[in-house]
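Convention: sequence-line order gives letters A, B, ...; per-chain numbering from 1. Note that these values count all heavy atoms, side chains included, but never hydrogens, waters or copies made by symmetry.
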Amino acid sequence: MQSDEQKESVLGEEKTVKIRLENISKIFGVAKTKLVVFQDINAEIFKQEFVSVIGPSGGGKSTLLFIMAGLLPTTEGRVLIDGKEVTEPGRDRGLVFQQDSIFPWRSVIENVEYGLELRSVSQKERREVAMNYLKLVNLEKFANFWPKELSGGMKKRVALAMVWANQPDVLLMDEPFGSLDYPTKVDLQNKLLEMWGRDKKTTVFVTHDIEEAVFLSDRIFVLTDGNIRHTLKVPFGRPRTDDLRTDKEFQEIRRQLWGYTARG
Amino acid sequence: MAEGKARKIPLFFSFFDRLKWGITGLAVLLLIWWLFALLIGPGRLPAPLSVFKRMIPSLTFITELYAQLVSAGAEGILPHLAYSTRSILIGTALGATLGIGTGLALEWKERVKAMAYPSLMAIGVIPPLVLLPFLVLWFGAGLTSQLALLVMYVFFMLLIYTMSAIDNVPPVYKQFSLTMGASRGQVFRTVVLPAIVPELTGGIRVVLAMAWGLQVIAEVVGSPIGMGQVLVSLVTISAVDVVIVGLIYIAIVATAIDIIFLRMSRYITRWMPR
Amino acid sequence: MFQFRMLLSQVKSAIIGIAVIIAFWEGAAYYLKGMTPYAHIILPTIEQCLTEAIPGMAPFFWGGQGGLFQGQAGANLYLIGLLALAQNSAITVLRIISGLVWGAIVGIGTGIMMGMNDKVRKFLEPPIELIRTIPLLTLIPLFMYWFGISEIGRFLYIVYGVAVVLVINTINAIDNVPPVYKQFSLTMGASRGQVFRTVVLPAIVPGLAGGLKFALALSWALTLAAEYLNALSGLGRIVILSEIHLFTDRMIVVVVLLIIYSLVLYAAFMRFYRFVTRWMPS
């Protein structure tokens, strides 16, 4: 389904708007006790774009993501995906959660199969597809393990395989690597980019880790003081390698973003 | 007390450990018992030896009670033990099915739950023993009232456990399954149901423990056979040693059932990080 | 402000719940009246409970038999009936509380002694675990045999039941004190005794309070059971005697009182509990 809006980028290519945030506000409570999480957010995310949302903790990044997923309603405004308004969660918007969300009562392979099972795909086909995605995250040897037997990083990889196997249209990620140690994080970031490189799903990635945001994304939204106050286009090409992390321009951009977020 | 080292108290982690503890415990208990028996005198507290001598024979034949028990078609402890055990298992199974089923059904229809909740809470405060006289009054002193007490108790306990377990499912699992495209029914079947199993098996175990007490009391009031009757009859004729025999048998059966159930539930919830 | 609103809504739902039950009750009672002359035995109306039942309990004052006084409504009898209820209520509630308190002293005391001294623990723990396997209510016949219909027998029974539960509870609480607190105090120079007094004891208080909550319910059940089977006074006895003579209305009055008392005790306990656990992060 074609979006009915086209935008021209600076380089003259046509880009379709995949996700549009129209005048979104989220306010909890009433009158004196009300909490304005954010107000009047307007933004566009293009097809096949990898966008990060950064900002101080408690600034509403996760709330925004949950709204896009359809798990929370807006107080005002709406989210449009391919021109259609988002009202409830669904398969087209996959969400990788911050906490461990894979089901502890299912084995690893049963977890990856879950989305297919929901759609009544046959047992044989499910297993095959699931194993392929497990191989993508290098966990095929752990297919019959219980989640409790895996490390934090491994569980996240299962979650990635699980959501990917469900073939969502849009990928939403809520600080998925927040609870991991640095080496595991770097490892998973590379794995994510590798997987993303195959089909380039439109992705919205929430994080408080500026290095992570710069490394992964095409564009960065800075959410502070209740709105997106800065957007920054990341100038590096793809594929991205680890030596980028110590590149001078990379550090400059980090410094700039740090200045934006520290004000919150 | 630990001296800066994280000392673990070995409560039953391997079979041999358990055996060791069981045997030491038994030895100490027998020692204390024997001492008390000496102090208090055999009339009030029989010595362990005399009790043990009577244990196996009592299963089939109790001299003192021959006249009384034979009228119920039983001459020893075994049939009564079997009866009580059967009643407990049936009553618990029935009450559990009803309680869990109702809990799940209420969850499905939010509005019904909201309406029923306050009334349920009001009724749930009543200790089960308070209900017993009413049951006897309404249904007569017979098997119905006896079964009804246990079933009602188990029903309420598990209804509350189920509702609490459903509330305690971490939201992230439900949210996650929704973003994977699950319908409300699918969320219920694939997330809520498996997630509440651990808490429910815990609840059933607790209920089984109480069940014995309730069953025995109910039997005293309303049943011609069963361990309750046996114990009370024995007390009336002062056959203390057989009373203790009876209690030991009850303890053995209750523990056996508990261990079996524990094993089963450990297997069913083997996915849980412990 | 918010807490008050929460309390208000809880009270509201409680009232709704009770109102629904009462509505059902009255409806059923009047329906039965039309159907059978025995209606007043199966399900008496509230009116009947309030007017006939209470004077009927006059003979229970100072331990009477609660015989077949019926329909003799007079101001004195009503008053005596109320006094009888009050007196027996006091007796029952006193039994529950004293059983709980002494059971707690014995149970928690033993648990702490076992926590302090390893040898004591190794000696006592296995037999206690074994004794525990005998279901509490099944011990009533044995206690009846030993003590007959005496107050001390009932008292010891309740104390025993509560103590057994609380010993296990105390031991568990002591075991579950996070080691880091003990280790920290040791590195601050505390002696073993100081660690026990200043770390373990305060740390187990919430766990003990939780155990006491369970023990309260247990004390209720045990007291009632003991009063059913052999007592010369108390509300449990009134219930049983009324049941034998088919005075359902009296049973209901007593049961309602019991429910009210248990709610009051429970609410009072919750205040204590909240105070005692006020330092805990939820």
Handout entry: Test applied, side-chain contact (heavy atoms from CB on, under 4.5 Å); reference residue, M180(B); option that passes from M162(A), R91(A), R119(A)
Key =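 That would be M162(A); it is the only one of M162(A), R91(A), R119(A) passing the side-chain contact (heavy atoms from CB on, under 4.5 Å) with M180(B).
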
Practice task
Please name the residue in the list I268(B), V197(B), V191(B), T269(B) that meets the side-chain contact (heavy atoms from CB on, under 4.5 Å) test with W105(A).
Solution key: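 That would be V191(B); it is the only one of I268(B), V197(B), V191(B), T269(B) passing the side-chain contact (heavy atoms from CB on, under 4.5 Å) with W105(A).
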
Note, [X] side chain near [Y] side chain (heavy atom, < 4.5 Å):
X: F103(A); Y: T190(B); answer: no
X: E117(A); Y: Q186(B); answer: no
X: F176(B); Y: Y114(A); answer: no

Practice task
List in chain and number order the residues that pass side chain to side chain donor-acceptor pair (under 3.5 Å) with Q123(A), two or more places apart in sequence or in another chain; answer none if no residue qualifies.
Solution key: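 So Q123(A) forms a side chain to side chain donor-acceptor pair (under 3.5 Å) with R126(A).
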
Practice task
Give, as side chain, backbone, both or neither, the part of S183(B) having an atom under 4.5 angstrom from any heavy atom of chain A.
Solution key: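 No part of it gets close to chain A.
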
Problem - Portion of R270(B) that has a non-hydrogen atom of chain A nearer than 4.5 angstrom - result: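 Both parts, backbone and side chain.
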
Exercise for the section: Under 4.5 Å, counting heavy-atom pairs only, tell me which of A159(A), P104(A), P147(A) racks up the most with chain B. Expected result: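 Counting heavy-atom pairs under 4.5 Å, the top option is P104(A).
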
Exercise for the section: Mind ranking S107(A), P89(A), S101(A) by heavy-atom pairs under 4.5 Å with chain B and telling me who comes out on top? Expected result: S101(A)

Contact origin within [X] toward chain B - heavy atom pairs under 4.5 Å:
X: L118(A); answer: both
X: D100(A); answer: backbone
X: V96(A); answer: neither

Acceptor/donor pairs from residues 161-168 of chain B side chains to any protein atom, 3.5 angstrom cut, sequence neighbours excluded:
from: T162(B); atom 1: OG1; to: L158(B); atom 2: O; distance (Å): 2.6
from: S164(B); atom 1: OG; to: E199(B); atom 2: OE2; distance (Å): 3.2
from: N168(B); atom 1: ND2; to: S164(B); atom 2: O; distance (Å): 3.4

Handout entry: Under 3.5 Å donor-acceptor, K148(A) side chain and W271(B) backbone
Key =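 No: the side chain of K148(A) does not pair with the backbone of W271(B).
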
Practice task
Could you tell me which non-hydrogen atom of F97(A) sits nearest to which non-hydrogen atom of T179(B), and how far apart they are?
Solution key: CE1-OG1, 4.1 Å

